[in-house]
Protein chains: 2
Amino acid sequence: MEPLAPTCSPAEHPGVRKQFPMPGTLAIERASRVCRALGEPARLRLMARLAGGECCVTELAEAEGEELSTISQRLRVLRAENIVVRRRRGKHINYSLADDHMSDLVSTVLAHASEPVEPVLKDDQQTEEEAKA
Amino acid sequence: MEPLAPTCSPAEHPGVRKQFPMPGTLAIERASRVCRALGEPARLRLMARLAGGECCVTELAEAEGEELSTISQRLRVLRAENIVVRRRRGKHINYSLADDHMSDLVSTVLAHASEPVEPVLKDDQQTEEEAKA
DNA sequence: ATTACAATTACACAACTGTGCAAGTATGAT
DNA sequence: ATCATACTTGCACAGTTGTGTAATTGTAAT
């Protein structure tokens, strides 16, 4: 449990040691919960669908080709993190994204995933500048 | 497994049915993997730290008060999703965020988590407009 | 009231994930 | 070559998570 103190001196670390103000435990906790909720293909698909407009559970189940109960469970997880919101519409319950932040998040991560893997600088390589230094 | 066809007609669903172009399976898969990687407090904290500048494993372990092996495993997960990149620096291996998308993602989700829960429109309520309609 | 449809929830089981310990690899110094 | 430091990985165990079936709740209509 107790980590040992490193023997490497601070001078060995040329990285920017700007001591970025770390977010509080609560913020980290909440943010990671949101990410985890989006961290499953099935749920992220649901989010992508909801980004196109609000839907009732039956619609979503039909679109996804899944059990109603399964969709409901997924929505439950999303709702627990305030990622989606629901509203009664007569016999149906319509779900939609909680706010603009959420559509931002979804589109950002999807945009990144759609991009080609940058072949510019592969892992474990050094830049040209570093090579001559 | 086979979902039953819903008996509710499309006319019942006033939501924007704009048939948003759904992202491909691959994009969804990759995006959700990224989210899942960020979906754990410990790993997200690591990301927040790396957002402040590149670090070696020992530094991170010391900062987090964790075993070196634990940090290494976390970095492994992040690296598997191309979220972070590593580079040898003599005796050390420095990790840093893979690209600008990643710092964007991290700061966006953290910003959202730091915000107060909007008290504007609670769940399962209807807007004023809808009340008179 | 009863009936029908929409959605949620409880439960149980399988699959996955994170962690620490211990062993292994890689680099630099002597 | 040996030694020490820095990091990674294999393994096993505990804790978590997603899914379907079946039972339950809630709403609207008759």
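Naming convention: chains lettered A, B, ... in sequence-line order (proteins, then strands); numbering from 1 in each chain. Quantities reported herein were computed from a predicted structural model and do not represent experimental measurements.
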Name all residues meeting the side chain to side chain contact (heavy atoms under 4.5 Å, CB included) criterion together with [X]; count only those two or more places apart in sequence or in a different chain, and write none if there are none.
X     : value
A/V77 : A/A37, A/R43
A/A42 : A/E40, A/R74
B/S96 : B/E54

Checklist entry - Got a sec, which residues hit side-chain hydrogen bond (donor to acceptor under 3.5 Å, both in side chains) with A/Q73, two or more places apart in sequence or on another chain? => result none
Next on the checklist: Restricting to side-chain hydrogen bond (donor to acceptor under 3.5 Å, both in side chains), what partner residues turn up for A/R45, sequence neighbours left out?
Outcome noted: A/E64
Could you state the [atom1]-[atom2] distance from [X] to [N], rounded to the nearest angstrom?
X     : N      : atom1 : atom2 : value
A/I93 : D/dT27 : CD1   : C1'   : 9 Å
B/L75 : D/dT9  : CG    : C1'   : 14 Å
B/R89 : C/dA26 : CZ    : C1'   : 18 Å
A/R33 : D/dT16 : CZ    : C1'   : 12 Å
B/E59 : D/dC7  : CD    : C1'   : 14 Å
A/K91 : C/dA6  : NZ    : P     : 6 Å
B/L68 : C/dG24 : CG    : C1'   : 14 Å
B/R86 : C/dT27 : CZ    : C1'   : 13 Å

Checklist entry - Think A/Y95 has a side-chain N or O under 4.0 angstrom from the OP1 or OP2 of C/dT8? => result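 So the side-chain polar atoms of A/Y95 do come within 4.0 Å of the phosphate oxygens OP1 or OP2 of C/dT8, strictly under.
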Next on the checklist: Can you see if the side chain of B/H92 gets near the phosphate of D/dT5 - specifically, an N or O under 4.0 Å from OP1 or OP2?
Outcome noted: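 It does not, given that no N or O in the side chain of B/H92 lies less than 4.0 Å from OP1 or OP2 of D/dT5.
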Checklist entry - How would nucleotides 10-19 of chain C be written as a contact map, 5' to 3', with B for base contact, S for sugar-phosphate-only contact and - for no contact, using protein heavy atoms under 4.0 Å? => result B------SSS
Next on the checklist: Please evaluate residues B/D99 and A/H112 with respect to the criterion side-chain contact (heavy atoms from CB on, under 4.5 Å), reporting the C-alpha separation (whole Å), side-chain torsions for both, the decisive distance (0.1 Å), and the verdict.
Outcome noted: CA-CA 10 Å; B/D99 53 49; A/H112 176 80; 3.4 Å; yes
Checklist entry - Any idea which heavy atoms bring A/L38 and A/L105 closest together, and the distance? => result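 Distance-wise, the nearest heavy atoms are CD1-CD1, 4.4 Å.
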Checklist entry - Considering only side-chain heavy atoms of A/S72, which listed nucleotide, C/dA7, C/dT27, D/dT8, is closest? => result C/dA7
